[in-house]
Amino acid sequence: MRTRARRRGADWIIDGSKLWITNGAIADVAVVWALADEGVGAFLVEKGTRGFTARVIENKLSLRASSTAELVLDAVTIPDSARLPEARGLKAALRCLDDARFGIAWGALGAARACIDTVLKYTESRELFGRSLNKTQLIQARLANAVRALANGQLLAWRLAKLKDEGRVESAQVSLAKWSNVRMALDIARDCRDMLGAAGITLDLSPMRHMLNLETVVTYEGTESIHELIVGRAITGQGAF
Ligand SMILES: Cc1cc2nc3c(=O)[nH]c(=O)nc-3n(C[C@H](O)[C@H](O)[C@H](O)COP(=O)(O)OP(=O)(O)OC[C@H]3O[C@@H](n4cnc5c(N)ncnc54)[C@H](O)[C@@H]3O)c2cc1C
């Protein structure tokens, strides 16, 4: 962590930057994690604070409806009361990831289902050589495989939720579900895009939009490689980061 927080009297001075921050240019307050002498801490920085700037990242091909920003903190001065008292150490920063990743494991199911629904409607109405596209064996096999993968993902998310309800869920299980369900949804979106033929590349049908958005989802909240390493550590007992 390169963003630093230094004490000066009763205040904190924060220097550094944060890249790829969702809603960073819209929010009135940013929660900034920074390394202080006593370890990692979290600080509330209000929009308009001197030395604090947010630059919108343009030209994204993915999650275009979501605003993403780079935050720069240049000798930002905030009072000690702006420090979150319980958020001490990297563990505190990482704790919120499990909840976000849990939500993503469910959200990916919705994207996959929307893609399958779109293809079902399209292939029913698309006639080729005197029959609906959905009467062909290969389209049915591809749709059946998509539904099989979706059903596995639904069961995985449901089981994760049960474990969470019982207070027994582990981070590695959340990693496995996030990684597996987003990969499943991305594969389904790509195949569904293809089953729509040329119409699949327009904004009129949703699979390619889901596909592009899922490229971000596969990266944020931990890339696939990072989740592989987390799951690998859980099953071997060896950290290989
Ligand atoms: C649209 C969008 C919104 C975002 N919103 C937020 C936000 O609100 N808040 C926030 O904090 N972040 C946010 N992020 C950032 C996101 O979490 C990071 O982009 C993501 O964690 C990957 O980090 P990175 O981009 O630095 O890639 P890098 O860490 O540079 O990784 C590059 C590649 O190297 C691989 N890699 C990295 N380390 C290892 C290793 N040890 N072994 C093997 N391979 C490795 C990765 O898997 C990846 O393939 C957002 C990103 C996007 C795209």
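Side-chain atoms are counted along with the backbone in the values below, which use heavy atoms only and exclude waters and symmetry mates. What you see is a predicted model, and the numbers here were worked out from it, not measured in a lab. Whatever order the structure lists them in is the order used to number ligands and atoms, beginning at 1.
- Only the side chain of Thr216 comes within contact range of ligand 1, with a heavy atom under 4.0 Å; no backbone atom does.
- Distance check: Cys96 SG to Glu221 CD gives 7.5 Å after rounding to the nearest 0.5 Å.
- For atom 28 (P) of ligand 1, the nearest protein heavy atom lies 4.0 Å away or farther.
- Side-chain atoms of Lys164 do not come within 3.5 Å of backbone N or O of Val174 as any donor-acceptor pair.
- In terms of modelled atom types and a separation under 3.5 Å, the side chain of Lys60 and the main chain of Ser66 share a donor-acceptor contact.
- Within the 4.0 Å heavy-atom criterion, both parts of Ile21, backbone and side chain, lie near ligand 1.
- Considering each of Leu71, Thr22, Leu229, Asn23, the one bringing a non-hydrogen atom nearest atom 40 (C) of ligand 1 is Leu229.
- In this structure, atom 47 (O) of ligand 1 has protein heavy atoms in its sub-4.0 angstrom surroundings.
- For ligand 1, none of its N or O atoms has an N or O atom of Thr68 under 3.5 Å away.
- Proximity of atom 5 (N) of ligand 1 to the protein is indicated by at least one non-hydrogen atom lying closer than 4.0 angstrom.
- Looking only at protein heavy atoms, the nearest one to atom 21 (O) of ligand 1 is Thr219 O, 4.0 Å.
- Under the 4.0 angstrom criterion, atom 8 (O) of ligand 1 counts as having a protein heavy-atom contact.
- For atom 51 (C) of ligand 1, the candidate residues are Trp20, Phe241, Trp33; the nearest heavy-atom contact is made by Trp20.
- Taking only nitrogen or oxygen atoms, main chain and side chain alike, Thr223 reaches within less than 3.5 Å of ligand 1.
- Of the protein's heavy atoms, Ile226 CD1, 4.3 Å lies nearest to atom 37 (C) of ligand 1.
- Looking only at protein heavy atoms, the nearest one to atom 44 (N) of ligand 1 is Ser225 CB, 4.1 Å.
- Counting only heavy atoms, the protein gets under 4.0 Å from atom 15 (C) of ligand 1.
- Here the CD1-CG distance, from Ile78 to Leu44, works out to 7.5 Å after rounding to the nearest 0.5 Å.
- Per-atom contact check: atom 31 (O) of ligand 1 does not touch the protein, criterion being a heavy-atom distance below 4.0 Å.
- Aromatic pair Tyr220/Trp20: ring centres not closer than 6.0 Å.
- Proximity of atom 24 (P) of ligand 1 to the protein is not indicated, since no non-hydrogen protein atom lies closer than 4.0 angstrom.
- The pair Arg209-Asp204 does not count as a salt bridge, with every side-chain nitrogen at least 4.0 angstrom from each carboxylate oxygen.
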